[in-house]
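In each ligand, atom 1 is the first atom listed, and ligand 1 is the first ligand listed.
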Amino acid sequence: MTSASQKINVVILAAGMGKRMRSDLPKVLHPLAGKPLVSHVLDTARGLTPATICVIYGHGGEQVPDRLAAPDVCFARQEPQLGTGHAVQQAIPFLNDALPTLILAGDVPLTRLSSLKALVDAAADSRFGILTVNLGDPTGYGRIVREAGQIRKIVEHKDATPEQRALSEVNTGIMVMPTVKLKQWLASLSNSNAQGEYYLTDVVANAVADGIEIVSAQPEAEWETMGVNSKTQLAALERLYQDNQAEILLEQGVTLYDPKRIDIRGDLHCGRDVSIDVGCIFEGRVTLDDGVQIGAYCVIRDAHIGKNASIKAYSHLDGSIVGSACQIGPYARLRPGTTLAADVHIGNFVEVKNSQIAAASKANHLAYLGDSTIGARVNIGAGTITCNYDGVNKFRTVIEDDAFIGSDSQLIAPVTVGQGATLGAGTSLSKDAPAGQLTVSRARQTSIAGWQRPVRKS
Ligand code: UD1
Ligand code: MG
């Protein structure tokens with residue numbers, strides 16, 4: 001008995017050009033939830049721990065192998081593209097004869113691992129397995145032709161008789177079969193059909209002639225078998241995927257102000273009592289700890305947000321760690337390398353990059369803090385800028401605990417503001433500011449009594 005945990009060969013068909021996408025990018029590289037279509041297929045296939053994964057590419061040159069290159073993937077070029085059977089032929093040198101071969105389509109991104117496992121299990125080592133589905137509108141698909149309940153062949157829509165076109169059970173394009181047999185069958189394919197192509201689906205009739213038992217499995221959901229041929233279908237699948245993600249979050253107890261208005265392009269992990277307002281986009285790996293609140297229209301990528309922190313509307317976070325109870329935004333920008341301890345406040349139009357800020361410090365308005373190390377309970381006044389870049393090199397600014405930086409100060413790095421130091425407003429700091437003292441660099445203010453404005457002579 002084969003079980004899904006035993007190894008198989010996987011072939012992913014991704015050579016077609018996808019004419020209806022009207023794009024220079026190969027169809028299978030178009031993103032769904034921020035990830036190329038074919039990468040969804042690849043990642044699901046990896047769940048089977050296959051011995052081989054062979055991607056067939058062709059249209060778009062080396063873009064597909066360049067994008068997917070990984071130690072566990074091999075690539076076979078199909079040029080020209082003469083049909084799905086011809087595509088699988090290109091994989092032959094990579095297939096291990098002792099293991100069955102599972103064939104997947106690079107443009108059918110949402111098939112679940114459980115459906116693939118069910119098919120692989122049903123076929124075991126010696127049977128031929130086809131993932132089929134019954135569709136209300138089967139137009140365009142290959143029809144499954146059965147006799148006395150047994151699958152006899154697959155007829156492509158364009159080659160089908162009116163009676164065959166009335167059949168609602170279709171080929172999803174996902175099949176598994178013994179590899180030695182597959183190789184023999186592929187060698188005998190012909191292209192005398194309506195499309196002049198070498199059809200993979202013709203091997204079903206070969207299997208019947210060879211007395212190989214043919215079994216089928218059905219996915220739990222019809223959308224698992226939906227393919228992408230146009231931007232309209234891509235958009236529809238994207239919404240379907242996002243609806244599914246939103247549903248999972250709701251089931252986990254996350255409050256979504258509108259489950260139709262959230263986009264997750266990666267992995268979003270949420271604790272208890274998290275709430276997310278409308279229009280937010282999550283990319284990469286994002287973790288929201290218990291009690292986190294995300295305001296409207298935030299874009300958050302590769303970030304960890306600590307317990308009870310609040311990210312207010314229109315904030316943009318990337319590559320950042322936010323401590324518990326922090327208050328961020330509205331309109332804040334945290335760039336990669338930002339680490340905020342507990343209770344930090346970053347307000348509107350404040351940009352932080354590659355900086356560590358210790359607990360209870362505040363930068364509430366209009367500031368740039370780059371390449372800086374900031375202590376606890378520091379107050380950064382409005383308009384403060386770390387001048388970290390001389391056009392070639394980056395330098396660090398260090399601000400120690402309890403310092404107070406007056407508004408509109410420039411800290412010309414490398415520079416250190418000592419513990420408890422105060423900078424007067426408008427200071428251009430080019431030398432270290434001693435701890436506990438007031439440092440002011442601006443010119444002293446003077447007023448000139450009796451001064452007259454110039455008057456225009458007529
Ligand atoms: C195929 C099946 C059809 C099934 C349908 C499900 C065949 C002959 N037909 O039809 O029974 O119902 O999928 O979606 O197999 N490709 C290559 N090289 C080629 C041709 C195609 O790599 O020369 C790739 C495409 O990039 C795509 C996949 O194979 O990923 C399927 O090809 P496509 O042309 O979309 O086949 P369908 O006509 O949809
Ligand atoms: Mg197709």
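Between atom 18 (N) of ligand 1 and the options Gln81, Gln78, Met17, Gln195, the minimum heavy-atom separation is to Gln78.
Residue contacts with ligand 1: Asn171 is placed with a nitrogen or oxygen under 3.5 Å of a nitrogen or oxygen of the ligand (distance criterion only). On a distance-only criterion, Ile154 and ligand 1 share no N/O pair closer than 3.5 Å. At least one N or O atom of Glu156 sits closer than 3.5 Å to an N or O atom of ligand 1. By the 3.5 Å distance cut-off applied to N or O atoms, Ile56 is not counted among the residues near ligand 1. At under 3.5 Å, a nitrogen or oxygen of Gly142, whether backbone or side chain, sits near a nitrogen or oxygen of ligand 1. For ligand 1, the polar-atom distance check finds an N/O of Gly16 within less than 3.5 Å of one of the ligand's N/O atoms. Taking only nitrogen or oxygen atoms, main chain and side chain alike, Thr84 reaches within less than 3.5 Å of ligand 1.
Taking every heavy atom of Thr172 and a limit of under 4.0 angstrom, the matching atoms of ligand 1 come to 6 (C), 14 (O). For ligand 1, the atoms sitting less than 4.0 Å from at least one non-hydrogen atom of Gly106 are 30 (O), numbered in the order shown with element in parentheses. Near Leu82, meaning under 4.0 Å from one of its heavy atoms, ligand 1 places the atoms 23 (O). Contact atoms of ligand 1 toward Leu13: 22 (O), 24 (C), 29 (O), 30 (O) (distance under 4.0 Å to a heavy atom of the residue).
Salt bridge annotation for Glu351-Arg335: present, with a cationic side-chain nitrogen under 4.0 angstrom from a carboxylate oxygen. Contact check on Asp107 versus Lys27 returns a salt bridge, with a Lys/Arg side-chain nitrogen under 4.0 Å from an Asp/Glu carboxylate oxygen. Ion pair Lys35/Asp43 flagged as a salt bridge, since at least one NZ, NE, NH1 or NH2 atom sits closer than 4.0 Å to an Asp/Glu carboxylate oxygen. Remark: Glu79 engages Arg77 in a salt bridge, criterion side-chain N to carboxylate O under 4.0 Å.
For the 3.5 Å distance criterion, the side chains of Asp289 and His304 qualify, holding a donor opposite an acceptor. A side-chain donor-acceptor contact under 3.5 Å links Asn134 and Ser168. Ser372 and Thr397 share no side-chain donor-acceptor pair at under 3.5 Å. Side-chain contact check for Ser216 and Arg146: at least one donor-acceptor pair (N or O, by modelled atom type) lies under 3.5 Å.
Just one residue in the list Val10, Leu113, Val73 forms a side-chain contact (heavy atoms from CB on, under 4.5 Å) with Arg46, and that residue is Val73.
Below 30°, between 30° and 60°, or above 60°: for Tyr297 and Tyr314 the angle between ring planes is below 30°, a parallel geometry.
Of the heavy atoms in Ala87, only side-chain atoms (C-beta onward) come closer than 4.0 Å to ligand 1. At a heavy-atom cutoff of 4.0 Å, ligand 1 is contacted by no atom of Thr225, backbone or side chain. Neither the backbone nor the side chain of Val108 has a heavy atom within less than 4.0 Å of ligand 1.
For Gly83, the heavy-atom gap to ligand 1 drops under 4.0 angstrom. Between Val170 and ligand 1 there is no heavy-atom distance shorter than 4.0 Å.
One finds the OG atom of Ser190 at 7.0 Å from the OH atom of Tyr198 (value rounded to the nearest 0.5 Å).
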